[in-house]
Amino acid sequence: MAEVEFEEDTPLAVEDRLVAEALIVDVDGYEGPLDLLLTLSRTQKVDLRKISVLALAEQYLQFINEAKSLRLELAADYLVMAAWLAFLKSRLLLPPDPTEEGPSGEELAAHLAFQLERLQAMRDAAAKLMARDQMGRDFFARGLPEDVTRVRRVTYTATLLDLMQAYARTRTKDEFRPFVMDRDAIMTLEQALERMRGLIGYAGDWTVLESYLPEGWETDPARRRSATAANFAASLELTKQGHIEIRQGEAFAPIQIRKKVQNDD
Amino acid sequence: MTTEDNEKPEVEESLFEAPPMGEQERMVEAILFATAEPVTVKDMAERMPHGCDPAEALVHLRKRYEGRGVRVVKVADAWAIRTAPDLGFLMQKETVETRKLSRAAIETLAIIAYHQPVTRSEIEEIRGVSVSRGTVDQLLEMEWIRFGRRRMTPGRPVTFVVTPEFLDHFGLENARDLPGLKELRSAGLLENRPPPGAMPGMPEGDDEDDEAIGQSELFED
Amino acid sequence: MTTEDNEKPEVEESLFEAPPMGEQERMVEAILFATAEPVTVKDMAERMPHGCDPAEALVHLRKRYEGRGVRVVKVADAWAIRTAPDLGFLMQKETVETRKLSRAAIETLAIIAYHQPVTRSEIEEIRGVSVSRGTVDQLLEMEWIRFGRRRMTPGRPVTFVVTPEFLDHFGLENARDLPGLKELRSAGLLENRPPPGAMPGMPEGDDEDDEAIGQSELFED
């Protein structure tokens with residue numbers, strides 16, 4: 001549905017209505033044509049089910065004419081109702097024309113009668129409702145309620161993922177790995193390679209490979225073994241890549257490395 | 001007062017020893033006295049020891065207070081204690097001035113109560129005039145009506161229904177107890193009879209406008 | 001407690017027929033129920049029809065409520081209906097609400113879990129913001145962290161470590177089982193953000209130092 005369009009129309013419609021309602025007040029305080037019809041119908045002094053709609057239509061049209069002659073301003077819906085009732089009256093008076101389309105005069109009259117009866121019924125129901133015992137007037141609730149103390153126990157929780165994400169937030173460095181994951185006596189080839197690449201630039205002369213062991217790895221035998229092996233493998237790799245030269249005087253002699261001097265030969 | 005006949009004592013007792021029914025009645029009594037708002041059976045059961053049957057205790061309690069200065073009343077699916085209506089004269093100090101409702105508001109309230117769930121345009125058709133925003137707002141604010149489900153018709157208009165607060169205020173156990181409801185229904189006066197052809201004063205186009213307003217504004221938050 | 005002796009019932013009765021005592025009891029019951037404060041006998045008498053004896057009605061009412069869920073009690077020189085003391089437990093409604101830990105708390109917890117034992121100033125260094133007392137207190141109260149040994153550095157600051165309850169909650173056998181960030185990343189649980197150029201307070205070179213400390217001190221007990 002074209003709601004947007006309706007919304008745009010709304011403020012006007014409400015305003016129109018307020019204006020219309022203000023005018024209705026001018027017509028003797030009737031709440032609208034249906035209210036006026038219901039009031040008029042009471043003059044027939046019969047059960048609403050047996051009401052003569054034709055007579056009611058005549059009454060209404062007469063009322064409207066009087067109001068007009070008094071130059072009372074009539075709200076549009078009163079006039080619309082008057083036109084409709086005039087049409088209904090003609091339908092009710094003329095013999096039914098089988099060629100004519102739409103509901104018959106009787107059907108329209110019956111519905112109007114139903115509307116009046118229903119409105120009256122709702123007014124009666126409203127009166128009965130308001131006549132009931134009402135709380136705070138006829139009967140009363142507890143005046144001195146005892147507070148139900150809401151013992152609100154708040155438990156806090158978090159998931160492992162929350163924990164991880166929180167940690168990631170504080171430590172977003174890409175290379176960061178929690179140290180608890182490190183096997184503490186292992187130096188990998190990658191680590192050694194990375195480290196030696198940085199150091200080799202400073203080693204112009206032959207240096208014993210063992211002196212490249214990282215600080216803190218020389219004393220513990222396991223660490224020393226791992227670091228030595230990693231450094232050795234890294235040296236071979238760097239030699240292969242042409243960054244350094246490597247030599248060993250004899251079996252079990254210290255292994256020495258030095259930065260390869262470009263265009264040495 | 002006890003329930004050994006129609007319950008399954010062997011099952012219940014084997015799990016927990018529920019307090020005797022007399023004790024349960026005392027508990028329900030204390031709970032209902034302590035609050036101004038109706039309390040649901042579920043709520044009572046949550047506060048009472050395991051294995052209690054507040055619904056049964058309520059039956060006993062209700063009987064106990066018959067003819068007394070206060071009564072045990074049912075409001076929708078909850079229970080409350082209220083003073084007997086014939087003693088209202090004693091409570092002048094407690095009387096709360098309710099805002100005077102306009103005739104339009106009273107009629108609108110009655111139409112919602114008897115026709116619920118009902119759309120705004122249906123209310124307007126019954127009353128023959130448009131329903132002002134203020135009227136509906138006032139009833140909503142008093143918490144006597146609330147929004148019901150949307151009607152599954154074009155425009156999906158919202159409907160209005162009455163609340164437990166409404167029932168409580170008018171001393172009704174549920175909306176079926178509305179005075180004269182049966183008679184109105186059997187007389188066909190609660191039917192939503194479509195008019196044969198277009199009715200004057202209620203052009204169809206306007207109705208849809210209203211509903212569009214309702215839809216966009218009512219459930220915005 | 002009753003006043004029949006020192007009043008002049010013969011005079012009153014001659015003027016008005018007071019309601020039967022049963023009715024008076026109902027009235028007192030309704031008044032005590034609906035009034036927001038304890039009510040004095042004088043106040044009751046003023047509200048009730050002429051010739052009533054609220055003091056006597058109170059005696060009956062009080063007896064009626066003996067052993068019930070509520071009692072008629074005297075408060076200073078006035079009367080009120082109150083819950084029987086043994087049913088006070090019904091006036092509590094325990095609701096357990098589970099909330100997510102605040103960002104500050106979860107970050108602090110994560111740092112403790114990964115770096116334990118860790119001092120408050122180390123946590124602050126890693127988070128880059130100060131850690132509030134409340135946050136640490138909350139974690140201590142939840143029994144997810146506890147105090148570890150004091151660090152043997154100037155000031156001998158206390159350290160924090162996680163507890164078995166923490167491990168239990170997160171389904172970890174020990175803190176070493178905490179997944180590394182790389183694992184989380186490869187599992188797609190963390191977005192692979194480009195690393196920020198420099199972490200405040202955490203120059204890159206320091207990292208290895210940190211780890212070395214952690215390694216030697218971790219899980220010392």
Side-chain angles (χ1 to χ4, degrees), chain A residues 133-188 190-191 194-195 198 214-217 219-220 222-223 227, chain C residues 30 33-38 80-83 90-103 105-107 109-111 113-115 126-128 138 142 169-172 175-176 178-185 189-190 192-196 199 202 204 207 210-212 214-215 218:
Chain A
D133 290 331
Q134 292 184 40
M135 189 159 71
R137 189 187 77 184
D138 306 294
F139 62 92
F140 295 84
R142 182 71 161 127
L144 187 57
E146 280 169 57
D147 281 334
V148 174
T149 45
R150 266 174 210 278
V151 184
R152 201 171 55 176
R153 218 156 41 84
V154 181
T155 61
Y156 287 91
T157 189
T159 64
L160 193 56
L161 184 60
D162 294 332
L163 196 71
M164 308 317 313
Q165 285 173 330
Y167 197 53
R169 278 200 299 272
T170 64
R171 307 297 303 264
T172 38
K173 271 181 282 180
D174 218 27
E175 277 317 297
F176 175 79
R177 290 186 306 132
F179 52 85
V180 289
M181 294 306 297
D182 288 335
R183 285 176 291 166
D184 67 350
I186 299 293
M187 177 176 276
T188 63
E190 286 74 22
Q191 286 171 321
E194 189 72 16
R195 205 169 156 277
E215 213 178 303
W217 288 69
T219 42
D220 178 65
R223 297 179 122 210
Chain C
F33 174 83
T35 309
E37 286 136 35
I81 296 179
R82 289 283 161 82
T83 307
L90 292 168
M91 301 307 134
Q92 287 193 352
K93 194 174 175 182
E94 189 172 279
T95 50
V96 180
E97 202 178 303
T98 307
R99 283 191 217 155
K100 279 259 179 203
L101 269 182
S102 69
R103 185 184 161 131
I106 188 83
E107 283 182 13
L109 180 67
I111 292 166
Y114 276 92
H115 291 260
I126 294 169
R127 283 196 67 215
Q138 185 186 9
M142 293 173 76
H169 177 90
F170 290 97
L172 299 165
R176 271 176 269 251
L178 281 168
L181 297 188
K182 269 189 182 163
E183 291 171 79
L184 288 165
R185 244 178 226 127
L189 292 171
L190 296 177
N192 206 353
R193 273 185 272 184
M199 289 294 288
M202 287 301 293
E204 300 224 13
D207 250 4
D210 277 356
E211 287 172 33
Q215 277 175 330
L218 189 61

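Basis for what follows: all heavy atoms, side chains included, without hydrogens, waters or symmetry-related copies. Numbers restart at 1 for each chain; the letters A, B, ... are given by sequence-line order, proteins then strands. Small disclaimer: the values here were computed from a predicted structure and weren't measured.
- Taking all atoms of both residues into account, the shortest heavy-atom contact from F170(C) to A158(A) is CE2-O, 3.4 Å.
- In terms of heavy-atom pairs under 4.5 angstrom with chain A, the leader among Q138(C), R127(C), H169(C), R99(C) is R99(C).
- Going from atom CG of D162(A) over to atom CD of E107(C) covers 11.5 Å, rounded to the nearest 0.5 Å.
- With a 4.5 angstrom heavy-atom cutoff, A105(C) does not touch chain A via any of its atoms.
- In plain terms, the two heavy atoms of L144(A) and R82(C) that are nearest each other are CD2-NH2, 3.6 Å.
- Between K100(C) and Y156(A), every side-chain heavy-atom pair lies at or beyond the 4.5 Å cut-off.
- Counting heavy-atom pairs under 4.5 Å between each of L90(C), L109(C), I81(C) and chain A puts I81(C) at the top.
- With a threshold of 4.5 angstrom between heavy atoms, A141(A) approaches chain C through N, CA, C or O but not through any side-chain atom.
- In this structure a side-chain-to-backbone donor-acceptor pair under 3.5 Å is present from R142(A) to F33(C).
- If you measure heavy-atom distances from T83(C) to chain A, the contacts under 4.5 Å come from both the backbone and the side chain.
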